[in-house]
Participant: 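Here it is: the structure, laid out below.
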Amino acid sequence: MIRDAGDAGQHAEGAGPFTTRLTWHPPGGGTAVWESRLARRRGLIAVHTPGGPARHHRADEVSLRRLRRLNAIAATAFVIGGALFAAGAGVAQLGSGDATTCASIYFAGGLFFNTGGYVSLLQVVNAPRHVPGGAGRLVTRRWRWWSYEPTRVDWLSAFVLFAGTVVFAVDLLDSFLQGLSVQQVNRLVWAPDVVGCVLFLISGHLAFVEVCHGRFRVLGRDLGWWIVAVNQLGSALFMISAITAFTRPTTGSLVNATIANWTTLTGALCFSLGGVLQLYERP
């Protein structure tokens, strides 16, 4: 969706209150184009000069070092976390370990997901910022460990993702409890699992809003789009796993343990693949 950004010569694209791409005319002439994901992941802003080729201006070296470091940590955390979740699902499906063993593997994977989620939020908080109407440059701000910016779709997506990993941590901790009734298992383990999956799906939807600028489309040559798509597939598989992992009160058995394990395994591998791809989306 394209709309007037409130200042003469500026046009914003996005969805609802979110701006994901902003175009304006710098004082020196030409056209500057800021895109949310490109700026925060690669530290780039596009500038089209009159009569000349389009070129990308890079953020300063301080911002670029931050982006590279945070991207590497987040991506690696998701690769390892996804691999551990896949291993836990494999152990559960093959019956090669008891419940405590599976819970321990899942919990270790959850810690890496927590790390990846929080560092993803730090990527947004400390990304270089643009100055609308300015000369087409990205500005480095002081380091922060937290911010509150719910009107930014990248911040909201990362925050919801991190919240989802925290909810999963509750689910994984509760899975160590012994002697629970069926009702307690569904309330303490299954319900947080479902909530975490819903938050992952919401985060993925917001990430699509950012990368597609409000209108869903397939961007086959855009690495960022593929990262979002692969992670959203993983979230959908996790949701299927959560639904089929519900314990029937009448029988005390899962709806379908096989589907739950296999969708957890394949969903986790999607997150690992997304992490591998993310390693290449850097300055």
Side-chain angles (χ1 to χ4, degrees), residues 36-37 40-42 65-89 103-127 143-147 149 152-173 192-193 195-208 210-211 223-239 241-242 264-283:
S36 174
R37 192 175 182 97
R40 71 181 177 88
R41 285 296 183 92
R42 294 187 168 178
R65 283 198 300 269
R66 285 180 183 174
L67 294 179
R68 294 185 191 111
R69 182 172 61 250
L70 292 172
N71 185 71
I73 295 172
T76 302
F78 285 126
V79 171
I80 298 174
L84 286 170
F85 259 75
S104 299
I105 296 173
Y106 282 137
F107 184 72
L111 292 178
F112 281 99
F113 274 136
N114 291 150
T115 301
Y118 178 60
V119 175
S120 295
L121 185 59
L122 287 179
Q123 284 183 284
V124 175
V125 171
N126 294 289
W143 175 267
R144 293 183 294 173
W145 292 100
W146 171 253
S147 70
E149 303 172 86
R152 291 183 55 188
V153 70
D154 53 350
W155 184 92
L156 194 58
S157 176
F159 174 76
V160 172
L161 173 67
F162 176 55
T165 67
V166 172
V167 174
F168 273 131
V170 174
D171 158 38
L172 296 170
L173 280 173
D193 189 16
V195 172
C197 291
V198 169
L199 291 174
F200 270 34
L201 287 169
I202 293 173
S203 173
H205 172 73
L206 293 171
F208 268 125
E210 180 189 25
V211 76
L223 178 59
W225 185 92
W226 280 106
I227 293 171
V228 173
V230 168
N231 284 329
Q232 189 70 332
L233 175 60
S235 298
L237 290 167
F238 266 31
M239 176 57 80
S241 172
T264 296
L265 190 152
T266 52
L269 291 178
C270 284
F271 288 121
S272 284
L273 175 58
V276 172
L277 294 176
Q278 186 178 328
L279 287 170
Y280 295 92
E281 193 186 26
R282 64 183 187 277

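Fair warning: this is a prediction, and the values are worked out from it, not measured in the lab.
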Participant: Which heavy atom in A108 sits nearest to a heavy atom in L84, and how many Å separate them?
Facilitator: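 In this case the closest contact between A108 and L84 is C-CD1, 3.8 Å.
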Participant: Rounded to the nearest 0.5 Å, how far apart are CZ of R152 and CD of E210?
Facilitator: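 Here the interatomic distance stands at 8.5 Å.
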Participant: To the nearest 0.5 angstrom, please state how far the CZ atom of R42 sits from the CG atom of L67.
Facilitator: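 Separation between the atoms: 11.5 Å.
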Participant: Between atom CZ of F78 and atom OG1 of T115, what is the distance when rounded to the nearest 0.5 Å?
Facilitator: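 Answer for the CZ-OG1 pair, F78 versus T115, is 9.0 Å.
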Participant: Applying side chain to side chain contact (heavy atoms under 4.5 Å, CB included), name anything that partners F159, two or more places apart in sequence or on another chain.
Facilitator: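 Result, side chain to side chain contact (heavy atoms under 4.5 Å, CB included) vs F159: L121, W146, W155.
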Participant: Write down the atom of V79, the atom of G275, and the distance for their closest heavy-atom approach.
Facilitator: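 Looking at all heavy atoms of both residues, the closest pair is CG2-C, 3.5 Å.
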Participant: So which atom in Q123 and which in A74 form the shortest heavy-atom distance, rounded to 0.1 Å?
Facilitator: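 The answer is OE1-CB, 4.0 Å.
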Participant: Tell me if the CH2 atom of W225 is crowded by more than 12 foreign heavy atoms within 6.0 Å.
Facilitator: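 Enclosed: over 12 neighbouring heavy atoms sit under 6.0 Å from CH2 of W225.
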Participant: Is the closest side-chain heavy-atom distance between F238 and F168 below 4.5 Å?
Facilitator: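 Side-chain contact under 4.5 Å: yes.
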Participant: Would you indicate whether the side-chain heavy atoms of L223 and R41 approach each other to under 4.5 Å?
Facilitator: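 They are not in contact (no side-chain heavy atoms under 4.5 Å apart), so the answer is no.
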Participant: Would you compute the distance between atom OG of S120 and atom CG of D154 and round it to the nearest 0.5 angstrom?
Facilitator: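 The CG atom of D154 is 11.5 Å from OG of S120, to the nearest 0.5 Å.
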Participant: Looking only at heavy atoms, which two atoms of L161 and S203 are closest? And how far apart?
Facilitator: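 Taking every non-hydrogen atom into account, CB-OG, 3.4 Å.
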Participant: Please report the interatomic distance CD1(I80) to CZ(F113), rounded to the nearest 0.5 Å.
Facilitator: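 Rounded to the nearest 0.5 Å, the CD1-CZ separation comes to 11.0 Å.
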Participant: Any donor and acceptor pair, going by atom type alone, linking the side chain of S272 with main-chain N or O of A83 inside 3.5 Å?
Facilitator: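 Yes: the side chain of S272 pairs with the backbone of A83.
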Participant: Just verifying a value: how many Å separate L273 CG and W226 CH2, rounded to the nearest 0.5 Å?
Facilitator: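 L273 atom CG to W226 atom CH2 measures 10.0 Å (nearest 0.5 Å).
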Participant: With the side chain counted from C-beta on, respond yes when V166 and Y118 share a heavy-atom pair under 4.5 Å apart, and no when they do not.
Facilitator: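 The answer is no, as the side chains (C-beta and beyond) never meet within the 4.5 Å cut-off.
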Participant: Of all heavy-atom pairs between I227 and E281, which one has the smallest distance, and what is that distance?
Facilitator: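 Scanning both residues completely, I find the closest heavy atoms to be CD1-OE1, 3.3 Å.
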Participant: Could you tell me if the side chain of M239 sits less than 4.5 Å from the side chain of F200, heavy atoms only?
Facilitator: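 Of all side-chain heavy-atom pairs linking M239 with F200, none is under 4.5 Å.
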Participant: Using the ring centroid of each side chain, check whether F112 and F271 are separated by less than 6.0 Å.
Facilitator: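 Aromatic pair excluded; centres sit 6.0 Å or further apart.
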Participant: Looking only at non-hydrogen atoms, find the nearest pair between P192 and D171 and report the distance.
Facilitator: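 Scanning both residues completely, I find the closest heavy atoms to be CB-CB, 3.7 Å.
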Participant: Mind checking whether L279 and T76 have side chains closer than 4.5 Å, heavy atoms only?
Facilitator: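 A side-chain contact under 4.5 Å exists here.
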